[in-house]
J.: 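Dropping the structure in here first, questions after.
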Amino acid sequence: MSHQSDLLIAAAEAARPVRIVKAGAALEGRIAAWAEANGFTGKAGQLLVVPGADGAPELALFGAGEAFDPMTTRGLPTRLPAGDWRLEGVEGEAAHSAALAFALGGYLFDRYKARPERGRARLVAPDGLDLTATLNIAAACALTREMVDTPAADMGPLQLETIAREIAEGAGASLTVTTGDALLEDNYPAVHAVGRAAAPHRAPRVLEIGWNLDKADRPLVALVGKGVVFDTGGLDLKGAAGMRNMKKDMGGAAHALALGRLIMQADLPVRLVVLVAAVENAVSADAFRPGDILNSRKGLTIEIGNTDAEGRLILADVLTRAGEHQPDLTLDFATLTGAARIALGPELPPLYTDDDALAEGVLGAGRAVGDPVWRMPLWAGYRASLDSEIADVRNDSAAWAQAGSVTAALFLQKFAPTSGSWAHMDVFAWNPRARPGWPEGGEAQAIRACFRYLSDKFAK
């Protein structure tokens with residue numbers, strides 16, 4: 001696994017500079033000559049290592065383009081020669097963001113493939129950087145990515161429970177686990193229905209972490225995550241191409257658990273509940289069927305039009321459970337729809353909420369930390385697409401509505417807590433193309449945006 005704590009260091013006597021250079025900026029002497037000879041113009045993301053008299057790297061030039069985007073430094077850990085480096089030409093918040101980006105860019109998933117031993121590039125923390133807090137953020141993103149990258153055979157419901165237990169124990173929080181047929185006794189019927197076809201050792205479960213719940217004067221934040229550890233599509237079986245990356249369908253759970261750990265590490269002055277429904281949407285004689293009517297924790301009946309629209313079913317139960325805590329704020333994360341990718345692509349997750357202040361707060365936080373999200377509408381005109389003739393709601397919207405990500409969010413809204421604000425993020429949790437700092441595979445989306453928003457909103 002990645003060891004990002006090694007990438008940022010407090011100090012180093014012989015650290016070489018990585019000079020941030022704007023497009024067209026003047027350089028001097030032999031550095032200018034070397035840059036001209038190698039076609040370095042300061043284009044965003046362009047890197048040129050300048051050798052010293054002995055031929056060893058003396059400094060590096062890194063292009064900022066017209067305006068420096070700190071997230072571009074995600075590419076440096078895999079491109080710089082091994083050794084210690086320091087940023088030059090950037091200060092303050094931009095330098096701090098660049099240092100975090102450097103740590104994010106050092107992520108490496110090597111659980112199943114040995115990598116050649118080589119030295120690593122390390123970055124000296126810029127002045128004023130809270131090193132511990134920065135590494136905690138990088139570690140939260142790495143945890144999310146590692147969980148998503150791990151194949152379903154090694155990341156089942158039990159493994160999600162184990163990670164939740166480690167997080168809870170590390171923070172002195174409580175963990176309640178409801179598994180298998182106990183889900184029916186404890187009124188999680190939709191979670192049970194979706195997960196009951198899995199093998200016994202991969203039985204469905206609901207995980208609930210509680211932290212600071214005895215501090216009644218503090219606002220309560222609920223985080224909810226979709227934990228479908230593998231999605232075959234159920235009896236409405238996916239094709240091979242659609243099933244290939246369904247190990248990542250627990251990405252929402254990974255996001256919720258990692259963000260929860262980050263909140264507890266930062267000791268934000270809140271009460272916290274983290275709820276994860278962990279299931280495998282498998283195929284067996286006991287699988288739920290198209291046409292079935294499922295009960296839900298809220299008491300609404302759900303007609304199943306498509307067993308591949310299972311994520312919203314398990315979220316219905318745990319969102320209802322979140323509402324029983326009377327939260328002031330609920331954030332849910334789910335790899336919920338392919339329609340979200342059609343609308344916004346893989347890099348820009350949609351955010352749904354009817355709270356304008358919450359939307360602007362999260363979007364603004366995302367802009368500030370280089371973790372973008374985009375607000376999408378809970379369009380009331382499409383609610384009728386969820387109507388059923390024989391149940392309270394259907395899980396697949398009528399074809400006329402077309403907007404699959406919007407109608408999925410409208411479905412969740414029926415079960416979301418009403419005691420405070422709620423937002424849903426339809427994350428992709430995946431990089432479909434490899435580039436420096438963004439390897440193909442698991443990705444953390446909206447975690448840093450949400451953490452900045454929560455940190456600002458609930459500042460000590």
J.: Salt bridge or not between Glu169 and Arg165? Use side-chain N to carboxylate O under 4.0 Å.
T.: no
J.: Assess whether atom CH2 of Trp34 is packed by more than 12 heavy atoms of other residues, nucleotides or ligands within 6.0 Å.
T.: no
J.: Do the side chain of Asp328 and the main chain of Pro219 share a donor and acceptor less than 3.5 angstrom apart?
T.: no
J.: Is Asp84 paired with Arg16 through a side-chain N to carboxylate O contact shorter than 4.0 Å?
T.: no
J.: Is the shortest distance from a Lys or Arg side-chain nitrogen in Glu347 or Arg341 to a carboxylate oxygen in the other one below 4.0 Å?
T.: no
J.: Return the minimal non-hydrogen interatomic distance between Ala339 and Ser405, and the atom names on each side.
T.: CB-N, 3.4 Å
J.: Could you tell me whether the side chain of His96 and the main chain of Asp127 form a donor-acceptor pair under 3.5 Å?
T.: yes
J.: Compare every heavy atom of Val362 with every heavy atom of Ala449, then report the nearest pair and how far apart it is.
T.: CB-O, 4.1 Å
J.: Going from CG on Leu108 to OG1 on Thr78, what distance comes out if it is rounded to the nearest 0.5 angstrom?
T.: 10.0 Å
J.: Hey, does the side chain of Glu166 reach the backbone of Ile163 with a donor-acceptor pair shorter than 3.5 angstrom?
T.: no
J.: What heavy-atom pair brings Leu129 and Ala99 nearest, and what distance separates the two atoms?
T.: CD2-CB, 4.0 Å
J.: Using a strict 4.0 Å threshold on nitrogen-to-oxygen distance, state whether Glu66 and Lys22 make a salt bridge.
T.: no
J.: Between His255 and Gln445 (side chain of the first, backbone of the second, donor and acceptor by atom type, cut-off under 3.5 Å), is there such a pair?
T.: yes
J.: Under 3.5 Å, is there a donor-acceptor pair linking the side chains of Tyr107 and Asp149?
T.: yes
J.: Return the orientation label for the His424 and Trp422 ring planes: parallel under 30°, perpendicular over 60°, tilted otherwise.
T.: parallel
J.: Does any part of the side chain of Leu410, heavy atoms only, come nearer than 4.5 Å to the side chain of Leu386, both counted from C-beta?
T.: yes
J.: So Leu207 and Leu160, do their side chains get closer than 4.5 Å, heavy atoms only?
T.: yes
J.: Using 0.5 Å steps for rounding, measure from the CG atom of Leu27 to the CZ atom of Arg19.
T.: 7.0 Å
J.: Flag the pair Val21 / Thr41 as yes when at least one side-chain heavy-atom distance between them is below 4.5 Å, and no otherwise.
T.: no
J.: Would you give the length of the straight line joining atom CE of Met71 to atom CG of Leu104, rounded to the nearest 0.5 angstrom?
T.: 6.0 Å
J.: Checking Asn281 against Thr232: is there a side-chain donor and acceptor pair closer than 3.5 Å?
T.: no
J.: Within the 4.5 Å heavy-atom criterion, are Val221 and Arg271 side-chain neighbours or not?
T.: no
J.: Quick check on Glu36: does its CD atom have over 12 non-hydrogen neighbours (other residues, nucleotides or ligands) under 6.0 Å away?
T.: no
J.: Would you say the side-chain atoms of Thr337 pair up with the backbone N or O of Ala340, donor to acceptor, closer than 3.5 Å?
T.: yes
J.: With a 4.5 Å limit on heavy-atom distance, are the side chains of Val276 and Phe333 in contact?
T.: no
J.: Determine whether Gln46 and Phe40 satisfy the following criterion, side-chain contact (heavy atoms from CB on, under 4.5 Å), listing intermediate values before the conclusion.
T.: CA-CA 7 Å; Gln46 193 176 16; Phe40 180 85; 3.7 Å; yes
J.: Take the angle between the ring planes of Tyr112 and Phe109 and call it parallel below 30°, perpendicular above 60°, tilted in between.
T.: tilted
J.: Rounded to the nearest 0.5 Å, what's the gap from CG on Leu315 to CG on Asp317? Could you check?
T.: 9.5 Å
J.: Taking Glu93 first and then Arg452, would you say they form a salt bridge - that is, a charged N and a carboxylate O separated by under 4.0 Å?
T.: yes
J.: Output yes when a side-chain donor or acceptor of Asp426 lies under 3.5 Å from a complementary backbone atom of Leu336, and no otherwise.
T.: yes
J.: Tell me whether Arg115 is salt-bridged to Asp110, with the criterion being a basic N under 4.0 Å from an acidic carboxylate O.
T.: no
J.: Has the side chain of Ser385 got a donor or acceptor atom that lies under 3.5 Å from a matching backbone atom of Ser397?
T.: no
J.: Looking at Arg375 and Thr353, would you say the former's side chain and the latter's main chain have a donor-acceptor pair under 3.5 Å?
T.: yes
J.: List the steps and the verdict of side-chain contact (heavy atoms from CB on, under 4.5 Å) for Leu358 and Tyr453.
T.: CA-CA 9 Å; Leu358 172 58; Tyr453 170 75; 3.4 Å; yes
J.: Should we say atom CZ of Arg30 is surrounded by more than 12 heavy atoms from elsewhere, each under 6.0 Å from it?
T.: yes
J.: With distance as the sole test, does Lys248 use its side chain to make a donor-acceptor pair with the main-chain N or O of Phe428 at under 3.5 Å?
T.: yes
J.: How about Lys238: does its NZ atom have over 12 heavy atoms from other parts shown lying under 6.0 Å from it?
T.: yes
J.: Can you find a heavy atom in the side chain of Leu223 that is under 4.5 Å from one in the side chain of Ile263?
T.: yes
J.: Is any side-chain N of the basic residue among Glu310 and Arg312 closer than 4.0 Å to the acidic one's carboxylate O?
T.: no
J.: Nearest 0.5 angstrom please: Thr335 OG1 to Asp249 CG, how far?
T.: 3.5 Å
J.: Ion pair present between Glu208 and Arg321, side-chain N to carboxylate O less than 4.0 angstrom?
T.: yes
J.: If I compare all heavy atoms of Pro327 with all of Ser419, which pair ends up nearest, and what's the gap?
T.: O-OG, 2.7 Å
J.: Minimum heavy-atom separation for Thr144 to Ala254, with atom names?
T.: OG1-O, 3.6 Å
J.: Might you point out which heavy atoms bring Arg383 and Leu378 nearest each other, and give the distance in Å?
T.: NH2-O, 4.4 Å
J.: Could you go through the side-chain contact (heavy atoms from CB on, under 4.5 Å) check for Leu8 and Arg122 one step at a time?
T.: CA-CA 6 Å; Leu8 293 181; Arg122 304 190 303 176; over 6 Å; no
J.: Would you compute the distance between atom CG of Leu331 and atom CD1 of Ile447 and round it to the nearest 0.5 angstrom?
T.: 11.5 Å
J.: Do Val124 and Trp85 make a side-chain contact, defined as non-hydrogen atoms from C-beta onward lying under 4.5 Å apart?
T.: no
J.: Answer yes or no: are there more than 12 heavy-atom neighbours, outside Glu440 itself, under 6.0 Å from its atom CD?
T.: yes
J.: Please test Leu412 against Asp332 for side-chain contact (heavy atoms from CB on, under 4.5 Å), starting from the C-alpha separation and ending with a verdict.
T.: CA-CA 10 Å; Leu412 296 183; Asp332 81 63; 4.1 Å; yes
J.: Consider salt bridge (Lys or Arg N to Asp or Glu O under 4.0 Å). Of Arg448, Arg145, Arg435, which one does Glu443 pass it with?
T.: Arg145
J.: Quick check: do Pro157 and Pro204 have side-chain heavy atoms less than 4.5 Å from each other?
T.: no
J.: Between Asp54 (side chain only) and Ala56 (backbone N and O only), is there a donor and an acceptor less than 3.5 Å apart?
T.: yes
